[in-house]
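Note that these values count all heavy atoms, side chains included, but never hydrogens, waters or copies made by symmetry.
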Amino acid sequence: QVQLVESGGGSVQAGGSLRLSCAASARAFSSYSMGWFRQAPGKEREFVAAISWSGGRTNYADSVKGRFTISRDNAKNTVYLQMNSLKPEDTAVYYCVADRSASIGPYYSGSSGYWGQGTQVTVSS
């Protein structure tokens, strides 16, 4: 069983930065791939970023490449999403996901993963 708690969301002006954290409670946390998705009002869920269990492999949506960075600290059972140069279109609820059996990416179904409750990110123009 995995319980995920996101934090770090809030309201910022365009061009600002936020760092999201996802704290996990799980045995053998380091064996889980981790990722971030987001969902804006009236929009489909969108893949944002993912990181492998070792941290050696990362993937990003084209819309956030160069601006967002995903990282993990297995000793703290925590995954981070550093978001820089935020844009109004980044406004969404951001969800953390953990999965031990499937790769996380744009076509990830989410059915085998564990999801956090989400944290709101609002970027004003």
Side-chain angles (χ1 to χ4, degrees):
Q1 298 292 332
V2 179
Q3 185 173 9
L4 305 175
V5 180
E6 300 99 332
S7 62
S11 298
V12 298
Q13 292 186 325
S17 298
L18 285 173
R19 188 182 75 161
L20 306 184
S21 298
C22 175
S25 178
R27 180 181 180 185
F29 171 79
S30 62
S31 67
Y32 288 83
S33 294
M34 303 292 296
W36 291 93
F37 285 76
R38 67 188 183 186
Q39 188 166 23
K43 303 295 183 180
E44 299 285 336
R45 185 186 69 185
E46 178 187 22
F47 168 73
V48 177
I51 188 167
S52 64
W53 67 269
S54 67
R57 183 182 301 173
T58 58
N59 293 298
Y60 297 94
D62 288 341
S63 60
V64 306
K65 286 181 179 177
R67 300 189 299 119
F68 291 10
T69 302
I70 187 171
S71 61
R72 67 189 297 161
D73 186 339
N74 289 343
K76 295 182 177 181
N77 288 4
T78 302
V79 174
Y80 305 95
L81 185 68
Q82 178 66 47
M83 305 185 294
N84 299 324
S85 301
L86 284 163
K87 305 174 181 179
E89 51 263 44
D90 294 319
T91 296
V93 177
Y94 284 70
Y95 298 92
C96 177
V97 63
D99 201 302
R100 195 173 183 177
S101 61
S103 297
I104 300 172
Y107 306 104
Y108 175 66
S109 71
S111 61
S112 62
Y114 298 88
W115 294 84
Q117 189 175 17
T119 185
Q120 177 70 49
V121 172
T122 302
V123 185
S124 60
S125 60

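Between the E6 side chain and the C96 main chain, a donor and an acceptor come within less than 3.5 Å of each other. A donor-acceptor distance shorter than 3.5 angstrom exists from the side chain of T78 to the backbone of K76, with no hydrogens or angles considered. A donor-acceptor pair under 3.5 Å links the side-chain atoms of R67 to the main chain of S85, judged by distance alone. With hydrogens and angles disregarded, a donor-acceptor distance shorter than 3.5 Å links the side chain of W115 to the backbone of G110.
With hydrophobic clusters built from ILVMFWY side chains whose heavy atoms lie under 4.5 angstrom apart, L20 shares a cluster with Y114. Taking hydrophobic clusters as Ile, Leu, Val, Met, Phe, Trp and Tyr residues chained together by side-chain heavy-atom distances below 4.5 Å, L18 shares a cluster with V79. Cluster annotation: Y95 is connected to V97 through the hydrophobic network of ILVMFWY side chains, with a link wherever side-chain heavy atoms come within less than 4.5 Å.
Environment of CD in Q39: crowded, with over 12 heavy atoms of neighbouring residues, nucleotides or ligands closer than 6.0 Å. Counting heavy-atom neighbours within 6.0 Å of R45 CZ, excluding the residue itself, gives a total above 12. Residue Q117 places its CD atom among 12 or fewer non-hydrogen atoms of other residues, nucleotides or ligands, all under 6.0 Å distant. Residue Q120 places its CD atom among more than 12 non-hydrogen atoms of other residues, nucleotides or ligands, all under 6.0 Å distant.
Across every non-hydrogen atom of A40 and A92, the tightest pair is N-CB, 3.8 Å. Here the closest heavy-atom approach between residue M34 and residue I70 is recorded as O-CD1, 4.1 Å. S33 approaches S52 most closely through the heavy-atom pair OG-CA, 4.1 Å. Here the shortest heavy-atom pairing between V121 and G9 reads CG2-CA, 4.2 Å. The two residues A24 and L4 have their closest heavy-atom pair at CB-CD2, 3.4 Å. The shortest non-hydrogen separation linking S30 to W53 is O-CB, 2.8 Å.
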For this session: Begin from the C-alpha positions of D73 and S71 and carry the test side-chain hydrogen bond (donor to acceptor under 3.5 Å, both in side chains) through to its verdict.
Result: CA-CA 7 Å; D73 186 339; S71 61; over 6 Å; no
Exercise. Should K87 and D90 be marked as a salt bridge (Lys or Arg N to Asp or Glu O under 4.0 Å) after you check the CA-CA gap, both sets of side-chain angles, and the distance that decides it?
Worked result: CA-CA 5 Å; K87 305 174 181 179; D90 294 319; over 6 Å; no
For this session: Please step through side chain to side chain contact (heavy atoms under 4.5 Å, CB included) for the pair R38 and T91, ending with a clear verdict.
Result: CA-CA 9 Å; R38 67 188 183 186; T91 296; over 6 Å; no
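Geometrically, R100 engages Y32 in a cation-pi contact defined by less than 6.0 Å to the ring centre and at most 45° from the axis. A cation-pi contact links R72 to F29, judged by a cut-off of 6.0 Å to the six-membered ring centre and 45° from its axis.
Note: F68 and Y94 have tilted aromatic rings, judged against thresholds of 30 and 60 degrees for the angle between ring planes.
With rounding to the nearest 0.5 Å, the separation of CH2 in W36 from OH in Y60 is 12.5 Å. For the atom pair L86 CG and S124 OG, the distance stands at 10.5 Å (nearest 0.5 Å).
Contact check for E89 versus S63: no side-chain heavy atoms found under the 4.5 Å cut-off. By the 4.5 Å heavy-atom criterion applied to side chains, F47 and I104 are counted as neighbours. Between V64 and M83 the shortest side-chain heavy-atom distance does not fall below 4.5 Å.
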